Q: 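Once you've had a glance at the structure underneath, I'll fire off some questions.
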Amino acid sequence: MMNIRVDVVLPCLNEAQALPWILERMPAGYRAIVVDNGSTDGSADVARALGAHIVHESRRGFGAAAHAGLLAATAPIVAFCDADASMDPRDLPRVVDPISDDEADLVLGRRRPTTRSAWPPHARVANTYLSWRLRRITGVNIHDLGPMRAARRDHLLALDLRDRRSGYPLEMFLGAAAANWRILEVDTGYSPRVGRSKVTGTVRGTLTAIKDMAALLAVTQRGDRS
């Protein structure tokens, strides 16, 4: 039986085409937890056949799927990764090892595009602006609120994250910064996704994410002034 050292949460909505590539590249000791968020393309069946642990989350939203995976995890370290093949699971040790070695409490993968088409201009501009604001608010030297990330499971649960939409990654970062976690950023590859994007690949999805994150930032700044 495989010794599970890390659980990898993969929020999933219609990613049947990408999942085989993702799951076959999972490092040894890393268990894939595929959180099906209402797929209609048989994603859960594909993932199950490839040995992934399946969780079903009926509430739509990235945060809902990501948190369901966190609750289902049992390994001491939990990592998060997109299930669309834009990120290579072979990069996961880069974000996990500093946690294992007690060099950081939260590690974020800073996306480095492998091709020009990997990161749409509108999404890159939005991310640059968000990162600038986060540096000003928290003092943490961050350049990308990357989806690939890792932390200890018990620490993540203690943050008591509540956002169930696009603001979940930001809420995690803000909570970690407020708790004075050691936050580290490492380079990870970023490639064109397989299939249609639900968030950053579309202007509408990007605008929705900006709206969700702006609400969290407003609450954080009000708290800083109180």
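Here the structure is a predicted model, which means the values were calculated and not measured.
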Q: So which atom in Gly69 and which in Ile33 form the shortest heavy-atom distance, rounded to 0.1 Å?
A: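 Minimum heavy-atom separation between Gly69 and Ile33: O-CD1, 4.0 Å.
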Q: As an exercise, state the distance from CG of Asp144 to OG1 of Thr128, rounded to the nearest 0.5 Å.
A: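 Rounded to the nearest 0.5 Å, the CG-OG1 separation comes to 8.5 Å.
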Q: With a 4.5 Å limit on heavy-atom distance, are the side chains of Val95 and Val186 in contact?
A: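 They are in contact (side-chain heavy atoms under 4.5 Å apart), so the answer is yes.
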Q: Do you know which two heavy atoms are closest between Arg60 and Gly38, and how far apart they sit?
A: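 That would be NH2-O, 3.2 Å.
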Q: Of all residues at least two apart in sequence or in a different chain, which pass the salt bridge (Lys or Arg N to Asp or Glu O under 4.0 Å) check with Asp97?
A: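 With sequence neighbours excluded, Asp97 shows a salt bridge (Lys or Arg N to Asp or Glu O under 4.0 Å) to no residue whatsoever.
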Q: Within the 4.5 Å heavy-atom criterion, are Leu159 and Met172 side-chain neighbours or not?
A: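 They are in contact (side-chain heavy atoms under 4.5 Å apart), so the answer is yes.
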Q: Between Leu134 and Leu170, is any pair of side-chain heavy atoms under 4.5 Å apart?
A: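 The answer is yes; the side chains approach within 4.5 Å.
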Q: At their closest point, which heavy atom of Pro113 faces which heavy atom of Ala118, and how far apart are they?
A: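 Nearest heavy atoms, Pro113 then Ala118: CB-CB, 4.1 Å.
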Q: Should Leu23 and Leu10 count as side-chain neighbours, where that means a heavy-atom distance under 4.5 Å?
A: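 In short, these two side chains touch, coming nearer than 4.5 Å.
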Q: Does any N or O in the side chain of Ser86 come within less than 3.5 Å of the main-chain N or O of Pro192, such that one atom is a donor and the other an acceptor?
A: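 A pair under 3.5 Å: no.
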Q: Is there a path from Val125 to Trp119 through hydrophobic residues (I, L, V, M, F, W, Y) whose side chains come within less than 4.5 Å of each other?
A: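 Unlinked, Val125 and Trp119 end up in two clusters.
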Q: Connecting only ILVMFWY residues whose side-chain heavy atoms lie within less than 4.5 Å of each other, what is the rest of Trp132's hydrophobic cluster?
A: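 Besides Trp132, the hydrophobic cluster comprises Tyr129, listed by chain and residue number.
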Q: Using a 3.5 Å distance criterion without hydrogens, assess whether the side chain of Arg94 forms a donor-acceptor pair with backbone atoms of Asp187.
A: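 The answer is yes, because a donor-acceptor pair under 3.5 Å joins these two groups.
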Q: Which residues pass the ring pair (Phe, Tyr, Trp, His ring centres under 6.0 Å) test with His155, not counting sequence neighbours?
A: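 Result, ring pair (Phe, Tyr, Trp, His ring centres under 6.0 Å) vs His155: Trp181.
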Q: If I take atom CG from residue Asp41 and atom SG from residue Cys12, how far apart are they, to the nearest 0.5 angstrom?
A: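 Rounded to the nearest 0.5 Å, the CG-SG separation comes out at 7.0 Å.
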Q: Between Asp163 and Gly63, is there a donor-acceptor pair closer than 3.5 Å when you use the side chain of the first and the backbone of the second?
A: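 No; zero donor-acceptor contacts below 3.5 Å.
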Q: Using the rule given for side chain to side chain contact (heavy atoms under 4.5 Å, CB included), can you reason through Ile142 versus Ile183, listing the C-alpha separation, both sets of side-chain angles and the distance that settles it, and then say yes or no?
A: CA-CA 9 Å; Ile142 182 178; Ile183 301 174; over 6 Å; no
Q: Quick one: OH on Tyr168 to CG on Leu70, what's the gap to the nearest 0.5 Å?
A: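 Interatomic distance, Tyr168 OH to Leu70 CG, rounded to 0.5 Å: 4.5 Å.
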Q: Please report the shortest heavy-atom distance between Pro27 and Pro93, naming the atom on each side.
A: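 Reported closest heavy-atom pair: CG-CD, 4.0 Å.
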Q: Closest heavy-atom contact between Ala44 and His56?
A: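 Looking at all heavy atoms of both residues, the closest pair is CB-CE1, 3.9 Å.
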Q: Take Leu157 and Leu71 through the side chain to side chain contact (heavy atoms under 4.5 Å, CB included) test and state the conclusion after the steps.
A: CA-CA 8 Å; Leu157 291 173; Leu71 294 178; 3.8 Å; yes
Q: Just how far is it from atom NE2 of His67 to atom CZ of Phe80, taken to the nearest 0.5 Å?
A: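 Between atom NE2 of His67 and atom CZ of Phe80 there are 9.0 Å.
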Q: Sorted by first residue and then second, give each side chain to side chain donor-acceptor pair (under 3.5 Å) pair with at least one member in residues 98-109; sequence neighbours left out.
A: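 Output for this query lists Arg5-Ser100, Asp102-Arg182, Asp105-Arg182.
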Q: So, the side chain of Asn37 versus the backbone of Gly61: is there a donor-acceptor pair under 3.5 Å, distance only?
A: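 At least one qualifying donor-acceptor pair exists.
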Q: Given Phe62 and Asp82, is the side chain to side chain contact (heavy atoms under 4.5 Å, CB included) satisfied, shown in steps?
A: CA-CA 10 Å; Phe62 177 85; Asp82 285 352; 4.1 Å; yes
Q: Side chains of Arg48 and Asp45: closer than 4.5 Å at any heavy-atom pair?
A: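 Touching, per the 4.5 Å side-chain cut-off.
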Q: Taking side chain to side chain contact (heavy atoms under 4.5 Å, CB included) as the definition, give me every residue that meets it alongside Ala79, ordered by chain and number, with sequence neighbours left out.
A: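 Val6, Val8, Leu92, Val96, Ala150.
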Q: Distance from His143 atom NE2 to Arg112 atom CZ, nearest 0.5 Å?
A: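 With rounding to 0.5 Å, NE2 (His143) is 8.5 Å from CZ (Arg112).
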Q: Decide yes or no for Met148 and Arg111: does some side-chain heavy atom of the first lie under 4.5 Å from some side-chain heavy atom of the second?
A: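 No - every pair of side-chain heavy atoms lies 4.5 Å or more apart.
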Q: Testing the basics here: between Val107 and Ala104, what is the closest heavy-atom pair and its distance to 0.1 Å?
A: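 Heavy atoms of Val107 and Ala104 come nearest at CG2-CB, 3.8 Å.
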Q: Would you check if Pro76 and Asp154 make a side-chain contact, meaning some heavy-atom pair closer than 4.5 Å?
A: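 Pro76 vs Asp154: side chains apart.
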Q: Could you please spell out the steps behind the side chain to side chain contact (heavy atoms under 4.5 Å, CB included) verdict for Arg31 and Thr74?
A: CA-CA 10 Å; Arg31 178 178 67 161; Thr74 57; 3.3 Å; yes
Q: Taking the side chain from Ser43 and the backbone from Ala16, do they hold a donor-acceptor pair closer than 3.5 Å?
A: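 Judged by distance alone, yes, a pair lies under 3.5 Å.
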Q: Do Asn14 and Ser39 touch side chain to side chain, with heavy atoms closer than 4.5 Å?
A: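 Touching, per the 4.5 Å side-chain cut-off.
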Q: State which residues pass salt bridge (Lys or Arg N to Asp or Glu O under 4.0 Å) with Glu57; sequence neighbours excluded, sorted by chain then number.
A: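 Expected list: Arg59.
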Q: Distance from Arg164 atom CZ to Arg162 atom CZ, nearest 0.5 Å?
A: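 With rounding to 0.5 Å, CZ (Arg164) is 8.0 Å from CZ (Arg162).
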